[in-house]
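Below is one structure, written out as structure tokens; comments come after it.
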Amino acid sequence: MNLSTLGLMKKTGCLIVGFDAVKREMENPVSKIAGVALSNDLSAKTKKEILFLRNKHRPSMNIVVLDADMKQIESVIGKKTGIAAITDEGFWKAFSEGCEPIYQ
């Protein structure tokens with residue numbers, strides 16, 4: 001996992017950040033979310049809500065927890081967030097490589 005890839009994804013428009021924006025995309029059946037990345041300091045309640053949305057709308061989608069907190073993510077993308085959805089499959093494969101997906 002390379003955090004600088006987040007900045008590149010933001011510049012190319014392949015990154016959706018923030019709980020509300022990610023929630024809208026997960027609920028949209030035509031959205032092309034490849035996966036969701038969570039910060040390691042995200043609250044348990046928010047993580048539970050994201051997992052619920054995944055199980056309800058996109059059961060095959062992977063979610064990973066990054067080895068980075070919200071401040072580190074903010075330093076790369078310029079916005080404090082603990083949730084990021086990646087819409088490009090190639091970026092997602094490269095970014096999530098080596099990260100363990102969470103299932104519950």
Side-chain angles (χ1 to χ4, degrees):
M1 185 264 319
N2 186 351
L3 278 183
S4 62
T5 309
L6 280 176
L8 181 60
M9 286 187 274
K10 183 180 180 196
K11 288 180 182 177
T12 61
C14 299
L15 191 68
I16 300 165
V17 295
F19 178 80
D20 292 333
V22 172
K23 179 182 175 185
R24 276 191 302 276
E25 288 298 313
M26 289 176 79
E27 292 173 339
N28 183 355
V30 296
S31 177
K32 304 271 190 216
I33 295 179
V36 174
L38 308 176
S39 69
N40 63 8
D41 61 344
L42 190 67
S43 76
K45 179 182 182 268
T46 304
K47 187 185 293 186
K48 183 178 177 182
E49 289 179 42
I50 289 293
L51 289 170
F52 173 79
L53 288 168
R54 190 263 321 258
N55 293 338
K56 182 176 180 182
H57 299 288
R58 298 173 181 267
S60 63
M61 183 184 72
N62 283 331
I63 298 175
V64 297
V65 176
L66 303 176
D67 190 24
D69 60 22
M70 289 186 208
K71 280 190 181 236
Q72 291 170 312
I73 294 170
E74 179 183 21
S75 70
V76 175
I77 64 172
K79 182 176 180 182
K80 187 175 181 182
T81 187
I83 303 170
I86 292 93
T87 59
D88 183 84
E89 194 68 41
F91 271 132
W92 174 251
K93 284 181 183 175
F95 183 72
S96 65
E97 188 174 289
C99 294
E100 188 67 32
I102 57 173
Y103 299 103
Q104 291 189 18

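Hydrogens, waters and symmetry mates are skipped; everything else that's a heavy atom, side chains included, is used.
- Listed here is the closest heavy atom pair of R54 and I102: NH1-O, 3.4 Å.
- Here the closest non-hydrogen pair linking Q72 and L3 is CB-CD1, 4.0 Å.
- Taking CD1 from I63 and CG from L51, the interatomic distance works out to 5.0 Å, rounded to the nearest 0.5 Å.
- Taken to the nearest 0.5 Å, the CZ atom of F19 stands 9.5 Å off from the CG atom of L42.
- Side-chain atoms of F95 and L66, non-hydrogen and from C-beta on, do get closer than 4.5 Å to each other.
- Here the shortest heavy-atom pairing between M61 and G35 reads CG-CA, 3.9 Å.
- Proximity of E89 to K93: side-chain heavy atoms (C-beta onward) are separated by under 4.5 Å at one or more points.
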Donor-acceptor contacts under 3.5 Å from residues 5-13 side chains, at least two apart:
from: T5; atom 1: OG1; to: N2; atom 2: O; distance (Å): 3.1
from: K10; atom 1: NZ; to: I77; atom 2: O; distance (Å): 2.7
from: T12; atom 1: OG1; to: L8; atom 2: O; distance (Å): 3.2
from: T12; atom 1: OG1; to: M9; atom 2: O; distance (Å): 3.1

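- With sequence neighbours excluded, no residue forms a side chain to side chain donor-acceptor pair (under 3.5 Å) with S60.
- Pairs engaging residues 17-46 under the salt bridge (charged side-chain N to carboxylate O under 4.0 Å, His left out) rule: K45-E49 [sequence neighbours left out].
- Nearest heavy atoms, I33 versus V22: CD1-O, 4.4 Å.
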Sequence neighbours excluded and cut-off under 3.5 Å, please list the side-chain donor-acceptor pairs for residues 78-87, or say none.
from: T81; atom 1: OG1; to: G18; atom 2: N; distance (Å): 3.2
from: T81; atom 1: OG1; to: I83; atom 2: N; distance (Å): 3.3
from: T81; atom 1: OG1; to: I83; atom 2: O; distance (Å): 3.1
from: T87; atom 1: OG1; to: C14; atom 2: O; distance (Å): 3.3

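- Smallest separation of non-hydrogen atoms from S39 and V65: O-CG1, 4.1 Å.
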Might you work through the side-chain contact (heavy atoms from CB on, under 4.5 Å) test for V64 and W92, ending with a clear yes or no? CA-CA 11 Å; V64 297; W92 174 251; 3.7 Å; yes

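- Residues S4 and V76 come closest through the heavy atom pair CA-CG1, 4.3 Å.
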